[in-house]
Amino acid sequence: MNALGIIFSNIHDSNVPELTSNRTMAAIPFGGRYRLIDFVLSSMVNSGITHVGCITNRNYRSLMDHVGSGKEWDLARKNGGFVLLPPFGEIDSTSLYSTRLEALKTVLGFITRSNEEYIILADANSVFNINFNDLLKHHVAVGAEITLLYVNKPASEISGTNNAILKMDGEGIIKELAIDPRMNGRVNIYGNIVVMKRNMLVSLVSDAIAHGRKHFLNDVIGKNVSRHRVAAYEHKGYYQEISSLKRYYDANLGLLDPATRQALFGTAEIYTQIKDSAPTKYGDNAIVKNSLISDGCVIEGEVYNSVLSRGVKISRGTVVRNCILMKGTITGENVSLNAVIADKGVVIRDRRCLSGADNFPIYIPKETVV
Amino acid sequence: MSIRKECVAMLLAGGQGSRLYALTSKIAKPAVPFGGKYRIIDFPLSNCVNSDIDTVGILTQYEPLELNNYIGNGQPWDLDRSFGGVHILSPYQAKQGSTWYKGTANAIYQNISFIKKYDPKYVLILSGDHIYKMDYAKMLYAHKQTGADCTIAAIEVPLKEASRFGVLNVNPDYSIYEFEEKPKQPKSNLASMGIYIFSADKLYKYLDEDAEKENTSNDFGKDILPSMLAAGEKMFAYRFKGYWKDVGTIDSLYEANMDLLGADPEFNIADTDWRIHSRNPIAPPHYVGEHGELKNSIVSLGCSINGKVIDSVLSNNVVIKKGAEVRSSVIFSGTVIESGAVVENSIIDEGVVIGKHAKVGGNTDGGKKIAVVGRNYRVADKGVIAAGEIVE
């Protein structure tokens, strides 16, 4: 696929302030052994994209640790490959960029110097496994200048801000793009993935900057739907936007359903950083039901309906239900946890008892000792 | 960047491993899976990297394709280096004709120019069929301290088992005065682990001499070491204390897997101070379903478990369906155990399907006999593979 990939690693950080206090959106752990960027990056790689720029702003160190040279995605290349695009503080600027358009402005040189025909812009706030070739095929088939990917879903499932709702004509050409309108019933929500010719993006961005515009989606695309032929492409497969802590919790536990796992992992492989943990070890008193368990765990207690990342230790007498335990969570003996999200390296001492609720999971910040 | 390496490791990985029967009919012994996500060769390779040896030649001959594929550019072991790194060395055609590797010593002899390229002071010879964690740097230090020409790693074994090994008879300072290959009446219980450090010049000399001889089997244990000893070279044993297992037979491979289990296992594979590196699969975490039951077991990525797994070791992407039972067994990657099937005291190779209500292995009166089901084999529904039986 002759396209340059651009990933925005941090645009939606404010939707999940708990998880992004130490990291950027793209580096949020998900599904046991993954980080959110793995899904968009693997989708790009599996679609044949070999040149990916990743725009960062703040807190991007854990993202750098995770992606490294990009070798796990086969993106450690001489030509192209994975390119981290840290903020570029210009000499006369006093602050880093705050909008997508300003971010694109700072990497315009990178985009201009690339030589791919198309460009795909994608955010790292969603979990999916998409073949972008299908998107591009649609884009070419309908003769669009710009194509936005969308998913159709009930308005009640939408949270967070800056949601773009699309209205199309009979041919699937976008007639109206509205940001956070009043919604009911099923709506077509923009999936934060767009494809166009690379040189078109360059001219759109340069033009918008020249006219003092601020917002990419609204000012550059939304206000131009009558001027350009902007198509919509529906993604019908798995797509979960992490737009709140609750959504994060639900999306993780959603993976316990085999059909959901098949939808996410069954079509193409999802790559991630390799840590060489030993396989997980179960003790004589382990009871585990309906759970996803990563490598390097030691399980001597009970685990139900939960997702465990690498190196989690569940000691004897401990019962874990409906939890998301991130890397290296250590539980003491006779602990009881229900509906808890434990960030990396949390330690729960003996006999502690914590319970959230289905609609309100308890979040324990990174490296907290309870 | 240094232009020479102090020590180059040569890993003998060409043997057929015929005593592993069905498990090595399509792959070389070092590529045989072990301990869930690992393969046997991960152990010597990880030992090298953890001992700061970054130049490793892997000598392959028998069924090398899967092994080559597994090693790749060596990146999983951090051995993708600009200078040094891992190199697969297979027999090649030369101007004066071509031969297969005729023995362990001949395999090294044919690749002397590979070693000389790095101009090392020492050469470490390893074999690809042992499970252990060993700091070769300590052995190299001992080699330098004693001023030896050759140092042989040795481990104490029960005297009655010593006749299965090359036995080292040593003086109190661990200098070797006699070397006996598989003696009937062993005089010592100090067994050679098949790990040698040679001072490079001596190695070249004795390999050259061995190549000129008519009556030689071109083998380190049978030819090189005895002739060095006979010539009065300084040879020392380096005593290793710790877990070490030759996994060249079905029984020993099975036992070594079982040694990983338990709260305080004989061999700790999850040692973060001495990490064993491996090529990881691209697979999601493993899933345990509503009917899954796991006791005293090791489970790798991508498995899906909805049956009973007790005292067992599972590699990647193994599927255990509802109502199936796996006891005291080792299951390699991608194998599916259908519902109602029972697997006991068995090693099941990659890609096998055990049909519904089939029965594989079990208990026998006269001790444990391990059943083996070879790669991609399909055991029919209600099929029976007896205890100790090997099918492929």
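First the proteins, then the strands, lettered A, B, ... as listed; each starts at 1.
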Would [X] and [Y] pass as an ion pair if we require N to O under 4.0 Å?
X      : Y      : answer
B:K29  : B:D129 : yes
B:E290 : A:K289 : no
B:K245 : B:E266 : no
A:D343 : A:R23  : yes

A:Y271 and side-chain hydrogen bond (donor to acceptor under 3.5 Å, both in side chains): which single residue from A:N46, A:D38, A:D74 fits?
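Output: one option passes, namely A:N46.
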
Mind ranking [options] by heavy-atom pairs under 4.5 Å with chain B and telling me who comes out on top?
options                       : answer
A:L264, A:T272, A:N290        : A:N290
A:A286, A:S294, A:P279        : A:P279
A:S277, A:G31, A:S291, A:G283 : A:S291
A:I287, A:L256, A:N285        : A:L256
A:E269, A:R33, A:E72          : A:R33
A:R261, A:E300, A:K71         : A:R261

Applying ring pair (Phe, Tyr, Trp, His ring centres under 6.0 Å) to A:F128 and A:F39, what does each step give before you reach the verdict?
CA-CA 6 Å; A:F128 53 74; A:F39 300 95; 7.6 Å; no

Chain B contact via A:I293 - which portion, at a heavy-atom distance below 4.5 Å:
both

Checking heavy atoms, do the side chain of A:Y304, its backbone, both or neither come under 4.5 Å from chain B?
neither

Audit row: A:F265, A:Y34, ring pair (Phe, Tyr, Trp, His ring centres under 6.0 Å) steps and yes/no:
CA-CA 12 Å; A:F265 298 111; A:Y34 304 98; 5.4 Å; yes

Shorter than 4.5 Å, heavy atoms on both sides: which option in [options] has the most such pairs with chain A?
options                        : result
B:N296, B:I305, B:N280         : B:N296
B:R279, B:Q75, B:E293          : B:Q75
B:G35, B:G262, B:P76, B:G36    : B:G262
B:L294, B:D311, B:I298, B:V309 : B:L294
B:L260, B:I269, B:L301, B:I310 : B:L301

In terms of heavy-atom contacts, A:K281 and B:P265 come closest through NZ-CG, 3.3 Å

What pair of heavy atoms forms the shortest contact from A:L245 to A:V16, and how long is it?
N-CG1, 3.5 Å

Which residue is it: B:S46, B:S278, B:P33? I am looking for the one with a side chain to side chain contact (heavy atoms under 4.5 Å, CB included) to B:Y38.
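Considering B:S46, B:S278, B:P33, a side chain to side chain contact (heavy atoms under 4.5 Å, CB included) with B:Y38 is found only for B:S278.
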
All side chain to side chain donor-acceptor pair (under 3.5 Å) counterparts of A:K246, not counting sequence neighbours:
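A:K246 satisfies side chain to side chain donor-acceptor pair (under 3.5 Å) with A:D250 only.
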
Applying a heavy-atom distance below 4.5 Å, give me the residues of residues 319-345 of chain B that approach chain A, sorted by number.
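Residues qualifying by a heavy atom under 4.5 Å from chain A are absent, so none.
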
Relative to B:F267, does B:K133 satisfy both conditions: NZ or CZ under 6.0 angstrom from the six-membered ring centre, and within 45 degrees of the ring's axis?
yes

